[in-house]
Amino acid sequence: MNIPWQKSNALQKRASRVMPLGVNSNFRFWGEGITPYMQKAKGAHLWDVDGNKYIDYRMAFGPIILGHAWDEVNAKVAKEIELGTMSAMTYELEIEVAEKMIKMCPGLEMVRFACSGTEATMHALRVARAYTGRERILKFEGMYHGFQDYTLWSTYAPVEAYGNRRNPIPVPSSSGIPRPLNEMIVTLPFNAPDILENTLRTMGETVAAIIIEPCMGNCGAILPQKNFLQFVRRQCDKYGIVMILDEVKTGFRIANGGAQEYYRIKPDLATYAKALANGYPLAAFGGKKEIMSIIGHGVSQGGTFTNNKPGVAAAWATLTILQREPVIKTIEKRGKRLMDGIGKIFSEAGIPFCMNGYPAMFSFAIGVEKITDQRTWDESEKEYYLALVEAMMERGVMPDHDPREPWFLCYAHSDKDIDDTLMAFQAVVKAVKR
Ligand code: PMP
């Protein structure tokens with residue numbers, strides 16, 4: 001990339017001496033000399049340490065639903081932390097956030113808080129196992145449910161390692177994941193009801209939970225095919241399996257009530273983080289009272305920071321704003337214009353593409369016309385995608401460097417931001433050789 005990142009590069013060198021890869025999450029390392037370090041974020045914009053400004057479409061991997069450093073959220077946090085950040089006891093504010101969540105999300109009857117999406121899925125899996133008395137977990141290839149060991153399987157390509165579609169091989173996505181966990185995980189391609197049905201026919205009664213993102217939010221935003229989520233719901237009912245809908249990315253983003261409202265589906269449990277608190281650390285899991293009620297009755301869940309006041313106060317303010325203002329509607333209007341505009345530019349250039357996702361989080365795959373799972377997504381032109389993204393960054397627009405990661409929008413993205421982005425995209429498609 002041809003961006004003056006002198007200060008970033010110097011910081012990367014310094015950081016690499018004290019933090020592996022010079023970052024605190026593998027996903028924030030884009031490569032030696034091509035990893036920007038940030039100075040400031042406000043509204044829909046980012047500024048790196050070299051003073052370059054970007055229209056941000058990463059939104060911190062999704063949490064920023066209103067805009068960076070949203071004044072009303074910050075003010076609520078500042079007010080509440082004056083009264084103390086923690087007391088290892090419960091505040092009324094937590095109850096209010098739980099009540100708001102339950103009001104907004106159709107499938108929630110009770111919730112418990114956690115600190116990150118990873119923790120939320122980890123707790124939900126334990127509750128599902130405790131409730132069913134079973135240990136096996138079923139997940140879908142290319143879906144990501146956080147860094148805990150139970151579901152960090154078959155998350156990243158190479159898809160060649162996944163074996164045959166009808167009889168997939170679960171592939172751990174990291175060294176250090178205990179091998180015996182292989183006995184407890186089943187991985188299947190997304191959007192393949194026949195394969196799911198066959199698999200459950202032989203082992204359905206040994207499966208504790210099916211954990212599923214509503215769309216492939218960590219692989220090209222591939223949407224569920226018509227009625228696939230409902231099919232999963234019915235299969236879970238048939239075999240007494242707990243359906244865990246992982247709404248860490250879709251929650252409070254694709255609708256106020258997330259995918260449950262959008263698809264009119266009630267899972268048994270659901271997990272949240274990201275947009276719940278507009279960038280402050282709070283996560284949650286919740287669902288049916290009958291299942292959630294086993295917590296505290298022989299089932300453990302907790303954590304010192306699970307009711308951290310900045311996170312809880314930020315969630316309170318974020319949900320209040322979502323309920324009061326047309327946040328998602330506004331994002332939908334602008335996001336749709338961006339999706340349509342990008343599609344038009346590709347069409348006019350004669351480049352085959354496939355647009356996926358929702359206006360608030362979308363992605364596109366190039367060189368393919370239809371993708372339904374990670375295996376078909378893997379056939380898309382990822383190097384060309386990357387070249388386009390890098391050229392966009394040179395023009396002050398920042399989607400994520402990883403083609404699996406969707407483009408995220410927030411309430412603060414203006415019509416002008418969309419116009420500027422489309423103008424840059426038009427130039428980039430002309431300039432970058434396919
Ligand atoms: N589930 C999903 C669907 C996610 O997208 C993510 C994060 N990208 C997680 C879980 C993990 O969340 P966290 O990074 O907060 O641990």
Side-chain angles (χ1 to χ4, degrees), residues 23-29 57-65 105 112-126 128 137-156 173-174 185 187 190 209-224 229 232 243-254 258-260 262-263 267 269-287 303 305-306 308 310-311 314-315 318 356-358 360-363 374 399-408:
V23 290
N24 281 309
S25 165
N26 290 2
F27 298 131
R28 295 198 279 267
F29 174 77
Y57 288 104
R58 298 176 64 242
M59 294 291 121
F61 296 141
I64 309 300
I65 187 70
C105 306
R112 271 276 175 102
F113 294 155
C115 303
S116 68
T118 299
E119 256 188 51
T121 60
M122 182 187 80
H123 291 310
L125 292 171
R126 177 183 296 153
I137 305 294
L138 193 151
K139 76 162 297 251
F140 296 91
E141 292 169 353
M143 291 201 178
Y144 174 65
H145 305 292
F147 272 132
Q148 38 80 11
D149 290 340
Y150 297 116
T151 54
L152 197 60
W153 294 72
S154 300
T155 299
Y156 321 120
S173 304
S174 173
I185 186 84
T187 52
F190 186 45
I210 296 181
I211 185 165
I212 180 169
E213 290 182 71
C215 82
M216 295 200 52
N218 289 278
C219 184
I222 302 166
L223 292 174
L229 295 176
V232 173
M243 179 179 182
I244 304 174
L245 195 63
D246 185 352
E247 294 233 51
V248 165
K249 275 191 171 163
T250 53
F252 308 104
R253 175 165 281 284
I254 65 169
Q260 294 170 41
Y262 193 96
Y263 293 108
L269 295 176
T271 48
Y272 298 89
K274 309 224 181 214
L276 169 61
N278 195 54
Y280 282 87
L282 194 71
F285 69 102
F305 289 100
T306 53
N308 79 84
T318 304
N356 285 297
Y358 321 90
M361 58 181 267
F362 70 86
S363 190
Q374 192 180 26
D400 202 73
H401 198 255
D402 182 339
R404 292 169 310 170
E405 190 69 14
W407 293 45
F408 289 99

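Atoms within a ligand are numbered from 1 in the order they appear, just like the ligands themselves.
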Side chain to side chain contact (heavy atoms under 4.5 Å, CB included) against Phe147, all qualifying residues, sequence neighbours excluded
Phe27, Thr118, Tyr144, Leu152, Tyr156
Is the count of non-hydrogen atoms from other residues, nucleotides or ligands lying under 6.0 Å from Phe61 atom CZ greater than 12?
yes
Contact set, ligand 1, heavy-atom distance under 4.0 Å, ordered by chain/number, equals Ser116, Gly117, Thr118, Tyr144, His145, Gly146, Glu213, Asn218, Asp246, Val248, Lys249, Lys274
Asn278 (side chain) donor-acceptor with Ile65 (main chain) under 3.5 angstrom:
yes
Would you say the side-chain atoms of Glu247 pair up with the backbone N or O of Ala259, donor to acceptor, closer than 3.5 Å?
yes
For Gln374 and Cys219, the nearest pair of non-hydrogen atoms, with its separation, is CG-SG, 3.7 Å
Measure from the side-chain N and O atoms of Arg253 to the backbone N and O of Ile64, and report whether any donor-acceptor pair falls under 3.5 Å.
yes
